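Written below as structure tokens is the structure these notes are about.
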Amino acid sequence: MNAVEIEEAVSELAERPFDPAEFPYQFLAAFGNKDTTIKRLRTGSTNASDLPGGVLQRSNIHIAVAAHGAVTQTLAGLRTSPATAKAKPRFILATDGDGFEAEELESGETVACAYADFPNRFGFFLPLAGITTVKQVRESSFDIRATSRLNRLYVELLKDNPDWGTADRRPDMNHFMARLIFCFFAEDTDIFNGEGLFTATIEQMSARDSSNTHEVIGELFRAMNTPIAQRAIAKLPRWADVFPYVNGGLFSGSPAVPRFSRIARSYLLHIGGLDWRKINPDIFGSMIQAVADDDERGALGMHYTSVPNILKVLNPLFLDDLRARLEEAGDNSRMLLNLRRRMARIRVFDPACGSGNFLVIAYKEMRAIEAEINKRRGEADRASEIPLTNFRGIELRDFPAEVARLALIIAEYQADVLYRGQKLALAEFLPLNKENWITCGNALRLDWLSICPPTGTGVKHHADDLFHTPLDQPQIDFENEGGETYICGNPPYLGNTWQTVEQKADIRSVVNGRTSSAGFLDYVAGWFIKAADYIANAGGAASFVSTNSICQGQSVPILWPILYSAGCDILFAYTSFKWANLASYNAGVTVAVVGIGAPRNALRRLYEHREDGHVVLREGASITPYLTVGARVIVEKSNNPISALGIMEFGNKPSDGGHLLLSRDELNAIGLTNAQRDRFIRCIYGSQDFINGGLRFCIWIEDKNLDEAQQIPALHERIEAVRALRLASPDKGARTILAKRPHQLKLMRIGSSHAIVVPSVSSERRPYLPAGIVDAHTTLTNLAFALYDAPLWNLALIASRLHLVWITTVCGQLETRIRYSNTLGWNTFPVPTLTEKNKADLTRCAEDILLAREAHFPATIADLYDPDDMPADLRDAHERNDEVLERIYIGRHFRNDTERLEKLFELYTKMTAGAGSAKKRKVGAA
DNA sequence: CATCCGACATCGT
DNA sequence: ACGATGTCGGATG
């Protein structure tokens, strides 16, 4: 169950009459426990409670229903109960149907409220449903409830008004929902004249059978679209006339209201009953966008960015600097004033704004800073000088664009209440500003300069000064009206395989000929390039949360030369971390945060995500496009080794739907003679098979043996199955060429004595690459690379620490897995010229490694290279190998991986300088 | 024709 | 449900 489903179940439970005997089970059921789990608790077999009527689910919760008025005592009893001590539940809970008290034992955090209100605190218990509680979840109970209710209303309305669900009318529907949300918020915050006025009016004035609900709402909306001066001729009913003029675009446009069924009407009244003061515009906004999105409704908020991750973008982009300036200014009135003036001219632009949560967070953080300035200057009541119109966005989908605008309005009101008080906040709130700062459209096709224009005369104040103005010139006057622009956001990521035809065309139009390989770029790259182009014209800086692959492998030599030649450099970055937010089902992607802008003197900041979850800040003069500290280097893929190394080939791609591959059982089942096996069967390894010691076989028929093979029914059958599959493939090559030789893998490479094997994907936790050798009877799938019949010293190189460092840096990755590549990693690996003696030494080292492995037969490669449990003799063999190889590089052991990488990049640059193609490898002036 | 990638895919616990 | 860790075949130039 996701949070919304739990909320529904919990709300429903609270509305039912209280049943003391059933409550504990109903409560557990509402949090997603299965029937069988509950049955076992009922029969007592898993119920560890020692209290009468108590229910204790081990390591989860101890619940007891209290005698009337005895909730507090019962909770105390739960706290001290021996069973609680023994079964270590996370929560204890007591209720009598009137009062409700609960405690999380480890933190001591408690909830005490009326029974009917406990659904408002359901976020507290979400760990029961296995939903990891970041602190934020607890604080967003309201947002989840509101989202869930609106979701139900939305679906119900579409059911009653099918025409509103068509592509044409969806914007109307979405606009209608935005108006409703505004009204719910306004009626609970005194923006409307009387608490709950909107909901109450609808309840009173619309018939119970719901027949005229839409007319009543229509009149209210009409009132909010009618300036007070025109009210007389508008002939509004008296009950509508008491509503203020709101507009600002929100109530203009189509006045239509969908028809309400009785159910829809009751949902509406129900939603109005929530306390909308508690709304968090950032969180709510990100959840609500799922309401109007058929695809996202199930996944609920899978793609919205959590607040901590938004701050990874905004803090280093400009907020850290503003705070540093505030600190610097102390109580110096003039410096504070300058900072305030500067902030009033800062524009924040999110060209993939969704429901606007980056903009809302940026706005709130800036208001906090401004409030501190005003406090220090003794002007606490002062109206904000930060215009909402400086927060701009582009959003493709209609509904989120509506919500983004609303979220900003709500954020402004809440900030005014917080810093200036309710009275002043109200006085200036209505009518809403008419300007719409959120553009609905395709960000890669729109002109960013016209959406977020660099107004005013000059934009001379650019990135150089932003972070580190020397202390002695704090009184810079920000005369340029242009101010600073910061571009931020979390644009969509889509690898080339997943892009639609339109999206591919979008990317190409942005790239506009600057690379011939635009087809390989991720969709998100479009935002980086547009941002770089914007910055080239208008200054500023940009930072996005992005799939980490734009800083890996083949993307680097395609994307980064474009960004560099547009005049940008990496100013800061967060290295890869796994995408996560509060959604119960997270998108499966690993992201990085990358900030770009015009080069400046200040140190670059690299925030490294370590394996233990800590973030370590490293500073340096420059950050590489691979997100390491160091001089800019771009590694181009190469079709043959730049050093004198063996030739590494891609494995044999089956493209067979599994028909040419056999497990041991399948092989036995087709019953070949030994001679036939010898002729038609080979062992085959992919990454998995090689690392974990699986054994698979493949049908291996050389053309000269085809007739004989066809005589064997089992082989014939499989060959025909492959033919059919290849003929049906969307890939032209598969249909035309491969289908003509269905008895074979796409390639038929095999060693005549042995082959050195490198798995193409493998875990990043191992201390060395899990490479090795296979015999002449074994071949490889496309999930492994091979050096057929190559001298063993090649293996010594592959198995070295140096090579691992190189590969993990310059090759692509699968999330953070190691993804080997011959063209990007092996062919580019810089190795000094090896003497015969060197090769003999390295061969010896490789043999020792293989012997050490053999001593542990039948341990698999995965066993042998377990990062926590690697055998000492194998480790020693690798140490010696590293020692021998590193002496060849620099005459001694490297001190650490940083030094290794530095040396490798240096050598690579030297070896590729001026060689072959004119393509620049060291780009621009670092 | 060779190969790099995946807002992933699939396993085991 | 979550952590660990690698399949498979399309799209590309």
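Labels below follow one simple rule: chain letters A, B, ... track the order of the sequence lines, proteins then strands, and each chain is numbered from 1. Note that the structure is a prediction, hence the values are computed from the model and not measured.
As rounded to whole Å, 14 Å separates atom P of dA7(B) from atom CD1 of Ile550(A). The nearest whole Å value for the distance from the OH atom in Tyr865(A) to the P atom in dG6(C) is 14 Å. Following rounding to the nearest Å, Asn827(A) (CG) and dT3(B) (C1') show an atom-to-atom distance of 12 Å. If you take CD of Gln552(A) and P of dG6(B), they are 7 Å apart, rounded to a whole angstrom. Rounded to whole angstrom, the span from the CD atom of Gln688(A) across to the C1' atom of dA4(C) amounts to 11 Å. Protein atom CD of Gln503(A) is 15 Å distant from nucleotide atom P of dG6(B), rounded to whole Å. When rounded to the nearest whole Å, the span between CD1 of Ile558(A) and P of dG13(C) equals 8 Å. Rounded to an integer number of Å, the gap from CD of Gln499(A) to P of dT12(C) is 8 Å.
Between the side chains of Asn652(A) and Thr779(A), at least one donor N or O lies within less than 3.5 Å of an accepting N or O. For the residue pair Asn827(A)/Ser638(A), the side-chain donor-acceptor check at 3.5 Å is not satisfied. Using modelled atom types, one finds a donor on one side chain and an acceptor on the other under 3.5 Å when comparing Asp506(A) with Asn442(A). No side-chain N or O of Asn309(A) forms a donor-acceptor pair with one of Tyr574(A) less than 3.5 Å apart. Side chain to side chain, Glu608(A) and Thr575(A) fail the donor-acceptor criterion of an N or O pair below 3.5 Å. Asp522(A) and Thr547(A) form no side-chain donor-acceptor contact under 3.5 Å, judged by distance and modelled atom types alone. Side-chain contact of Thr828(A) with Trp806(A): a donor-acceptor pair under 3.5 Å is present, judged by distance alone.
dT3(B) and dA7(B): their C1' atoms are spaced 23 Å apart (whole Å).
Exactly one residue among Leu738(A), Ile737(A), Thr736(A) makes a side-chain contact (heavy atoms from CB on, under 4.5 Å) with Arg726(A). That residue is Leu738(A).
If you check dT12(C), dG6(C), dA7(B) against the side chain of Val589(A), the one that comes closest is dA7(B). For Ala587(A), the side-chain atoms get nearest to dA7(B) when compared with the rest of dA7(B), dC4(B), dT12(C).
Within 4.0 Å (heavy atoms only), Pro491(A) reaches at least one base atom of the nucleic acid. Heavy atoms of Arg766(A) sit under 4.0 angstrom from primed sugar atoms or phosphate atoms, though from no base atom. Residue-level contact check: Arg735(A) touches neither bases nor backbone, having no heavy atom under 4.0 Å from any strand. Among the protein residues, Ser516(A) comes within range of the sugar-phosphate backbone only, with heavy atoms under 4.0 Å from sugar or phosphate atoms but none that close to a base. Within the 4.0 angstrom heavy-atom criterion, no nucleotide atom of any strand lies near Asp522(A). Nucleic acid contact class of Ala518(A) (heavy atoms, under 4.0 Å, all strands): sugar-phosphate only.
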- Give DNA chain B the dot-bracket treatment, 5' to 3': Watson-Crick (N1-N3 with N6-O4 or O6-N4) or G-U (N1-O2, O6-N3) under 3.5 Å, [ ] crossing, | other strand. ||||||.||||||
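The residue among Gln813(A) and Lys746(A) whose nearest nucleotide of DNA chain B lies closer to the 5′ end is Lys746(A). Nearest-nucleotide mapping onto DNA chain B: of Tyr820(A) and Ile737(A), the residue sitting toward the 5' end is Ile737(A).
Relative ring orientation between Phe650(A) and Phe785(A) is described as perpendicular, the plane-to-plane angle rising above 60° on a 0-90° scale split at 30° and 60°.
The base of dA7(B) sits within donor-acceptor range of the side chain of Asn490(A), with an N or O pair under 3.5 Å.
Atom CZ of Arg735(A) has more than 12 heavy atoms from other residues, nucleotides or ligands within 6.0 Å.
Taking the centre of each ring, Phe124(A) and Phe91(A) come in below the 6.0 Å mark.
Taking only side-chain nitrogens and oxygens, Ser762(A) never comes nearer than 4.0 Å to OP1 or OP2 of dT5(C). Look at Ser549(A) and you won't find any side-chain N or O under 4.0 angstrom from OP1 or OP2 of dC5(B).
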Within the sub-3.5 Å range, which N or O atoms of nucleotides 9-13 of chain B have a protein N or O partner, and how far apart are they?
none

Can you name the atoms? Protein N/O to nucleotides 8-10 of chain C N/O, anything below 3.5 Å, with the distance.
{"residue": "dG9(C)", "atom": "N7", "partner": "Asn782(A)", "partner atom": "ND2", "Å": "3.2"}
{"residue": "dG10(C)", "atom": "N7", "partner": "Lys653(A)", "partner atom": "NZ", "Å": "3.4"}
{"residue": "dG10(C)", "atom": "O6", "partner": "Lys653(A)", "partner atom": "NZ", "Å": "2.6"}

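With hydrogens and angles ignored, the 3.5 Å screen pairs a side-chain donor or acceptor of Asp689(A) with a backbone N or O of Gly686(A). In this structure, Gln744(A) contributes its side chain and Ile701(A) its backbone to a donor-acceptor pair below 3.5 Å.
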